Novice: 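Let me give you the structure first, and then I'll get to my questions.
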There are 2 protein chains.
Amino acid sequence: MATRPSASSAADNLDLELRRGVVVLAVLSQLQTEQYGYSLKKALTDRGLEIDEGTLYPLLRRLESQGLLQSDWRMAEARPRRYYVISPEGRRVYETLSANWRALTRVIDELVQPVEVTDGTPGSV
Amino acid sequence: MATRPSASSAADNLDLELRRGVVVLAVLSQLQTEQYGYSLKKALTDRGLEIDEGTLYPLLRRLESQGLLQSDWRMAEARPRRYYVISPEGRRVYETLSANWRALTRVIDELVQPVEVTDGTPGSV
DNA sequence: TACTATACCATGTGTTACACAGTAATGTCA
DNA sequence: TGACATTACTGTGTAACACATGGTATAGTA
């Protein structure tokens, strides 16, 4: 524990905060089609969104307890798996939430927009 | 307090979570030019980002204590105002953070993207 | 056969930021 | 004079996340 304690730690922290809440959106988007936790984790990782198991599993339970997801255990497969799928209510919330997300990104992109070129690197998105 | 306690409250809550961390980005973006808390609040509201004073003021203090902002009191004006401006360190963090933001939106937009056509509207991005 | 890695699920603890609800004081305008 | 806007602050509760840890069962390997 040495090496710039303030800079990276502050930035890291802010970065974490940035991802907060977004995971829910990602999960709901993926659970339009049935999936179990572990496979969902892999799917999200593949698409560029890392998520810890200790975050994902409680999240799934929570969303189910809020009525946004439905789950059932499948024992007949290679392993017992808990499959989740979005509920009708979840679909409604997802619509609202993704609309809010779009609105939010529009606002923030507007604010952050004026980026100056940092160096000579071409800004290839 | 009646009317669907679960549905709206869950969505509201998730919406709040969505905005989390984003406020920091907005604040840093606006404090490229000096500003005091109250005016910052108004500016953000004007641009579509509501922020409670009880959120903003502690946030400003926090960012200053992390070295991302600098502040000084102006007593010569109509009222005593605490002006904030981004610091060099803050600028660096802001660059990183906004890059992360762009990466995040890219990922999420990709996930959320496949929206079913609501009606007959052509899916123009 | 024994060993190990991977698949799969879960919980508990600490940290952190936010919303909300207050407190307080001074300036502006009717 | 009174009401409202301006400007700043703090404290309390809540909620979600990261991280660490525990656990079982299957697949693969030596």
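Note that this is a predicted model, so its numbers are computed, not measured. Throughout, a chain's letter reflects where its sequence line sits, starting with A, and its residues are numbered from 1.
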Novice: Return the value, rounded to whole Å, for the distance between atom CD of A:Glu77 and atom P of D:dA27.
Specialist: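 Nearest whole value for this atom pair: 13 Å.
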Novice: Rounded off to whole Å, could you give me the CG-to-P distance for the A:Leu18 and D:dA16 pair?
Specialist: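 Taking atom P of D:dA16 as the reference, CG of A:Leu18 is at 18 Å.
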Novice: Donor-acceptor check, side chain of B:Ser39 to backbone of B:Gln35, threshold 3.5 angstrom: yes or no?
Specialist: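 Absent.
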Novice: Please list every donor-acceptor pair under 3.5 Å in which a side-chain atom of residues 14-26 of chain B meets a protein atom from a residue at least two apart or in another chain.
Specialist:
from	atom 1	to	atom 2	distance (Å)
B:Asp15	OD1	A:Asn100	ND2	2.8
B:Glu17	OE1	A:Arg20	NE	3.1
B:Arg19	NH2	B:Glu50	O	2.4
B:Arg20	NE	A:Glu17	OE1	2.9

Novice: Please report the distance, rounded to the nearest Å, between CG in B:Asp72 and P in D:dT7.
Specialist: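 After rounding, the reported distance stands at 15 Å.
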Novice: What's the CG-C1' distance between A:Leu60 and C:dT11, to the nearest Å?
Specialist: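 Rounded to the whole Å, the gap is 14 Å.
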Novice: Could you tell me whether the side chain of B:Arg62 reaches within less than 4.5 Å of the side chain of B:Leu59, counting heavy atoms only?
Specialist: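 Side-chain contact under 4.5 Å: yes.
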Novice: Any pair with a residue in residues 17-39 of chain A that passes ring-ring contact (aromatic ring centres under 6.0 Å, His included), sequence neighbours left out, goes on the list, sorted by first then second residue, please.
Specialist: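 Passing the test, one end in residues 17-39 of chain A: A:Tyr36-A:Tyr83.
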Novice: Could you list by number each residue of residues 26-41 of chain B showing a heavy-atom separation from DNA chain C of less than 4.0 Å, or answer none if no residue does?
Specialist: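 Heavy-atom cutoff 4.0 Å gives no residues at all.
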Novice: Rounded to whole Å, how long is the line connecting atom CZ of A:Arg82 with atom C1' of C:dA7?
Specialist: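 Between C1' of C:dA7 and CZ of A:Arg82: 17 Å.
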Novice: Identify, with sequence neighbours excluded, every residue that meets side-chain hydrogen bond (donor to acceptor under 3.5 Å, both in side chains) alongside B:Ser71.
Specialist: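 With neighbours one apart ignored, the set is B:Glu64, B:Arg82.
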Novice: Would you please name every residue forming a salt bridge (charged side-chain N to carboxylate O under 4.0 Å, His left out) with B:Asp46, sequence neighbours left out?
Specialist: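 Here no residue qualifies.
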Novice: Looking at CG of B:Leu68 and CG of B:Leu28, how far apart are the two atoms once the value is rounded to the nearest 0.5 Å?
Specialist: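 Between atom CG of B:Leu68 and atom CG of B:Leu28 there are 6.5 Å.
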Novice: Between B:Lys42 and D:dT7, is there a side-chain N or O to OP1/OP2 distance below 4.0 Å?
Specialist: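 B:Lys42 to D:dT7 OP1/OP2: no side-chain N or O under 4.0 Å.
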Novice: Specify the residue among A:Leu14 and A:Pro58 whose closest nucleotide of DNA chain C lies further upstream toward the 5′ end.
Specialist: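 Looking at DNA chain C, the more 5' nearest nucleotide goes with A:Pro58.
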Novice: What string of B, S and - do you get for nucleotides 18-30 of chain C, 5' to 3', when a contact is any protein heavy atom under 4.0 Å?
Specialist: SBBB----BB---
Novice: Round to the nearest Å and state the distance from B:Arg61 atom CZ to C:dA17 atom P.
Specialist: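 Computing the B:Arg61:CZ to C:dA17:P distance gives 15 Å.
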Novice: In whole Å, what is the span from the CZ atom of A:Arg74 to the C1' atom of C:dC9?
Specialist: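 Taking CZ of A:Arg74 and C1' of C:dC9, I get 16 Å after rounding.
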Novice: For the pair made of CG in A:Leu63 and P in C:dA10, what is the distance, rounded to whole Å?
Specialist: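 Checked: the CG to P distance equals 13 Å.
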Novice: Donor-acceptor check, side chain of A:Lys41 to backbone of A:Leu56, threshold 3.5 angstrom: yes or no?
Specialist: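 Side chain of A:Lys41 to backbone of A:Leu56, a donor-acceptor pair under 3.5 Å: no, none is there.
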Novice: Does A:Tyr57 have a side-chain nitrogen or oxygen under 4.0 Å from the phosphate oxygens OP1 or OP2 of C:dA10?
Specialist: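 False: A:Tyr57 side-chain N/O out of range (4.0 Å or more) of C:dA10 OP1/OP2.
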Novice: Assess whether a salt bridge exists between A:Arg81 and A:Glu34, defined as any Lys/Arg side-chain N lying under 4.0 Å from an Asp/Glu carboxylate O.
Specialist: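 No, A:Arg81 and A:Glu34 are not salt-bridged.
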